[in-house]
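Structure, as structure tokens:
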There are 2 protein chains.
Amino acid sequence: MPPVRNRRAQHSEATRSALLDAALRRFVEHGYAATTLEDVATDIRATRGAVYHHFAGKSALFEAVFDRVETETFRRVVERGAQAGTPWDAMLAGIEVFLDRCCEPEYARIVWQEAPVALGWHRLRNLEERYAYSVVAETVRALTELGELPEHPVEPVSRIMFNVFGTAGMALAETPDADRGRVRDEYAGVIRHLLTSVRVRRERS
Amino acid sequence: MPPVRNRRAQHSEATRSALLDAALRRFVEHGYAATTLEDVATDIRATRGAVYHHFAGKSALFEAVFDRVETETFRRVVERGAQAGTPWDAMLAGIEVFLDRCCEPEYARIVWQEAPVALGWHRLRNLEERYAYSVVAETVRALTELGELPEHPVEPVSRIMFNVFGTAGMALAETPDADRGRVRDEYAGVIRHLLTSVRVRRERS
DNA sequence: CACGAAACATACGCTGTGTATGTGAATGCA
DNA sequence: TGCATTCACATACACAGCGTATGTTTCGTG
């Protein structure tokens with residue numbers, strides 16, 4: 001089928017969105033390396049010209065997809081966290097939301113499996129600074145200040161916690177649908193145990 | 001300078017080794033994506049033909065480099081662990097060796113930064129099964145059986161621990177030489193604290 | 001109703017991988 | 001000792017896929 005010729009100015013935003021949808025699907029199903037811009041374009045009956053009109057290049061397209069997925073996740077986590085009573089409970093609630101999100105293939109694959117390949121380690125690190133990591137770091141900072149976490153430099157603690165969550169994300173990304181619920185709960189259990197263990201037990205005065 | 005023509009059968013192994021050396025240096029200094037097989041070949045005054053004679057392709061070359069680096073690390077960790085009295089102390093000692101190894105740029109860059117890009121997530125996971133992860137998993141299994149670690153499924157606990165170590169590796173990979181000692185000790189402290197916290201405290205009977 | 005300008009499509013070049021083929025030196029063998 | 005074979009590469013070629021430069025259609029605007 002030949003490309004459609006009568007795309008109008010008003011459809012611009014729709015085209016961009018359709019490209020993001022198509023790219024997301026391709027990246028999730030076949031991975032970053034195996035998807036061509038040609039593929040993405042023809043999926044919406046357009047050409048690579050359309051892609052390069054809306055995005056600076058292949059990795060920029062991935063970044064846009066990544067941004068969409070991460071922003072949505074970030075939103076959900078913060079939303080739920082705000083409903084909790086204490087910072088500690090906010091964190092626990094946020095983890096549950098996060099783990100649920102990791103059960104959706106699009107999140108797990110894009111963020112934890114493909115992103116390192118597509119963006120390279122440094123770029124990814126810079127991006128995460130704006131999304132998930134910033135939330136974790138802020139939480140750790142607050143909890144340390146409240147005395148609920150032991151006195152350690154915030155940076156390594158945050159990095160470690162961030163990657164602990166990431167471990168669950170990566171694991172769930174490759175778990176078959178049938179087992180995903182069980183594995184999710186296993187990780188939830190281990191993480192809760194871990195956090196409880198490191199939580200500072202204050203003496204009742 | 002033109003390629004050398006008089007390479008003899010006896011030099012074959014030397015050529016292979018030289019290619020690995022050159023590749024390692026290139027991958028560490030410029031990253032996987034930015035290094036060409038042409039670069040690697042000319043570094044030892046050969047052509048890409050030599051590379052394709054010894055290795056199946058670019059990613060296979062990286063795998064060989066990866067194997068070299070990981071095997072050496074594995075060896076050191078196990079060696080030191082064997083000297084410890086108890087399994088728990090063996091683990092702690094192994095962690096110290098591992099963190100020292102992470103301070104060497106070649107290890108941190110190859111294993112923690114470039115490997116995901118070069119091999120993709122799945123391939124890397126399969127490889128790690130044979131190296132670092134297997135050691136961690138075996139340790140966790142043993143410690144759980146001894147009752148030193150709480151009763152959790154071995155798989156998620158091992159994955160999480162593995163990635164906690166990985167966090168330190170990644171962090172050290174991008175830490176400037178001047179700060180590396182300090183950061184190393186920060187991570188060592190946090191990890192020790194973490195492990196001590198989750199260790200099962202048994203009642204003295 | 002010319003006249004941009006947005007929103008693409010088409011055409012091209014270039015880099016780097018992989019592969020197929022060529023070549024000289026050593027080695028086995030009659 | 002001559003010749004064939006094989007190893008260890010070098011050379012040459014094909015091709016995929018990214019990026020870029022340029023063309024074309026449609027619509028808003030004066």
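What you see is a predicted model; the values in this text were computed from it and never measured. Just so it is clear: chains get the letters A, B, ... in the order the sequence lines come, proteins before strands, and each one is counted from 1.
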Could you encode protein contacts along nucleotides 16-21 of chain C as a string, one character per nucleotide from 5' to 3', using B for base contact, S for sugar-phosphate-only contact and - for no contact, with a heavy-atom cut-off of under 4.0 Å?
SBBB--
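Dashed line: the shortest gap from a side-chain N or O of B:His54 to OP1 or OP2 of D:dA8 is not under 4.0 Å. The phosphate of D:dA8 (OP1 or OP2) has no side-chain N or O of B:His11 nearer than 4.0 angstrom. B:Ser12 has no side-chain polar atom (N or O) that falls below the 4.0 Å cut-off from OP1 or OP2 of D:dC7. Under 4.0 angstrom from either OP1 or OP2 of D:dA8 there lies no side-chain N or O belonging to B:Thr15.
A cation-pi arrangement is absent between B:Lys58 and B:Tyr52 under the rule of less than 6.0 angstrom and at most 45 degrees off the ring axis. A cation-pi geometry, defined here as NZ or CZ lying under 6.0 Å from the six-membered ring centre and within 45° of its normal, does not hold between A:Arg109 and A:Phe27.
In this structure, the side chains of B:Asn163 and A:Met170 come closer than 4.5 Å at one or more pairs of heavy atoms.
A salt bridge is absent between A:Arg101 and A:Glu70; no separation between the charged side-chain nitrogens and carboxylate oxygens falls under 4.0 Å.
One interatomic measurement links the two molecules: NE2 of A:His53 to P of C:dA6, which rounds to 8 Å at whole-angstrom precision. Between the CD atom of B:Glu13 and the P atom of D:dC9 there is a distance of 10 Å, given to the nearest Å. Rounded to a whole Å, the CZ atom of B:Arg45 is 14 Å from the P atom of D:dC9. Between A:Asp39 atom CG and D:dA16 atom C1' there is a gap of 12 Å when expressed in whole angstrom units.
Using a 30° and 60° split on the angle between ring planes, A:Tyr133 and A:Phe162 fall in the perpendicular class, above 60°.
Checked by atom type, the side-chain pair A:Arg159/B:Thr167 shows no donor-acceptor distance below 3.5 Å.
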